[in-house]
Amino acid sequence: MAKSFKDYIFKMSPAQIILSIFLVFGFLLAIMLFTIFKAPHENSPLVGLTILTTMLLLTRLSILVKVGIGFVTFILFPVTLFFGAIPALIMIAITTFIYLQIATRPTPFDFAITKGVQSSIAQFIYFSLWVITLVPIFRILGTDYVLANLTFVYMLSIGIYVVYMIIFLPFFAREPLPMALINGMVMFPIQFFFITYLGERFFNYVMTLAAG
């Protein structure tokens, strides 16, 4: 069955593969957002963090992160803000461990996911550094200020994230610097869209988890 699936995939055109990736990614995102937004008060902190960890893993695995489309910062920012650095770092460690297991084994979905061991290690480093950098920023500004100026503070943090990314991806993952730069530049409008249209509601959901 797996062989038949692989044969089918190899016969697909590049356009069909790209469309399939977007459809799968969109479907997973829709399921996650429906779960979060339809019943935010029914989730315990543990269940909510498990959902967020799953979302973090899916976005790290998705090949779309190679072109700057991802939810890593969108997830880790509010977790760090409301829960602190430790839960965020644990989420990074768990998803890195699972990522490495998948990256070293063949799967029927290799066409739609990233498989770089070195990339995963580089991500572990700069994700963690980014979260650690957020902690003093949040302490200096205060939660109220961050929420009142969410777009500004979030986009500022994206700038910090991109700096870490373009340093560590070429150094550890041997990714060409121009590709890392393009990835970073594409992130800005995408993350601006996320924080503008989804930020307030999503962050409120994470805040209810921390309070509950």
Side-chain angles (χ1 to χ4, degrees), residues 25 28-62 65 68-99 120 123-165 184 187-212:
F25 190 77
L28 291 172
L29 174 62
I31 293 297
M32 293 300 175
L33 292 180
F34 178 83
T35 302
I36 290 171
F37 293 151
K38 292 298 288 185
H41 300 293
E42 296 176 10
N43 292 332
S44 68
L46 182 59
V47 171
L49 287 174
T50 300
I51 293 173
L52 295 175
T53 302
T54 303
M55 290 180 66
L56 183 64
L57 176 63
L58 291 174
T59 195
R60 290 187 66 179
L61 287 174
S62 171
V65 299
I69 303 175
F71 305 93
V72 171
T73 54
F74 197 64
I75 295 169
L76 292 177
F77 185 100
V79 170
T80 306
L81 178 63
F82 298 120
F83 283 91
I86 299 302
L89 293 172
I90 290 174
M91 289 170 64
I92 294 170
I94 290 173
T95 55
T96 299
F97 175 78
I98 298 173
Y99 190 126
S120 178
Q123 288 177 355
F124 174 78
I125 294 171
Y126 68 80
F127 288 176
S128 300
L129 283 175
W130 183 70
V131 165
I132 293 170
T133 303
L134 290 180
V135 173
I137 293 175
F138 291 159
R139 287 182 178 175
I140 293 171
L141 297 180
T143 302
D144 291 340
Y145 180 88
V146 173
L147 294 177
N149 302 273
L150 188 55
T151 299
F152 169 73
V153 178
Y154 181 75
M155 294 309 298
L156 177 64
S157 78
I158 294 299
I160 298 171
Y161 176 92
V162 169
V163 169
Y164 285 148
M165 184 178 70
M187 276 188 66
F188 280 99
I190 292 173
Q191 294 302 320
F192 182 79
F193 174 85
F194 288 160
I195 197 64
T196 301
Y197 294 101
L198 297 175
E200 183 178 353
R201 192 167 187 181
F202 181 74
F203 282 30
N204 284 339
Y205 164 73
V206 179
M207 184 167 58
T208 61
L209 292 177

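No hydrogens, no waters, no symmetry mates; every other heavy atom, side chains included, goes into these values.
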* 4.5 Å side-chain heavy-atom contact, L141 and N149 -> no

* Under the side chain to side chain contact (heavy atoms under 4.5 Å, CB included) criterion, do F71 and L58 qualify, and how do the steps go? -> CA-CA 9 Å; F71 305 93; L58 291 174; over 6 Å; no

* To do: Please indicate whether F152 has more than 12 foreign heavy atoms, meaning atoms of other residues, nucleotides or ligands, lying under 6.0 Å from its CZ.
  => no

* Asked: Going by heavy atoms in the side chains, are S120 and F124 under 4.5 Å from each other?
  -> no

* To do: Nearest 0.5 Å please: distance from the CZ atom of F138 over to the OG1 atom of T133.
  => 10.5 Å

* Please find out if less than 6.0 Å separates the ring center of Y154 from that of Y161. => no

* Derivation of the side chain to side chain contact (heavy atoms under 4.5 Å, CB included) call for S157 and T73 -> CA-CA 9 Å; S157 78; T73 54; 5.9 Å; no

* Asked: Taking C-beta and beyond as the side chain, do Q123 and T96 meet within less than 4.5 Å on heavy atoms?
  -> no

* Check against side chain to side chain contact (heavy atoms under 4.5 Å, CB included), L81 and T143 -> CA-CA 7 Å; L81 178 63; T143 302; 4.1 Å; yes

* Asked: Does L147 reach the side chain of M207, with side-chain heavy atoms less than 4.5 Å apart?
  -> yes

* Indicate yes or no for a side-chain donor-acceptor contact from T208 to the backbone of Y205 under 3.5 Å, with no hydrogens or angles considered. => yes

* Asked: So, W130 side chain and F77 main chain: donor-acceptor pair closer than 3.5 Å or not?
  -> no

* To do: Kindly indicate, with the supporting measurements, whether the criterion side chain to side chain contact (heavy atoms under 4.5 Å, CB included) is fulfilled by T53 and L57.
  => CA-CA 6 Å; T53 302; L57 176 63; 5.7 Å; no

* Heavy-atom count around Y164 OH within 6.0 Å, excluding the residue itself: above 12? -> yes

* Asked: Would you say the side-chain atoms of Q191 pair up with the backbone N or O of G70, donor to acceptor, closer than 3.5 Å?
  -> yes

* To do: May I ask you to test the I190-F74 pair for a side-chain heavy-atom distance under 4.5 Å?
  => no

* Please tell me if the side chains of F203 and E200 come closer than 4.5 Å, counting only heavy atoms from C-beta onward. => no

* To do: Would you confirm whether T59, through its side chain, and L56, through its main-chain N or O, come within 3.5 Å as a donor-acceptor pair?
  => no

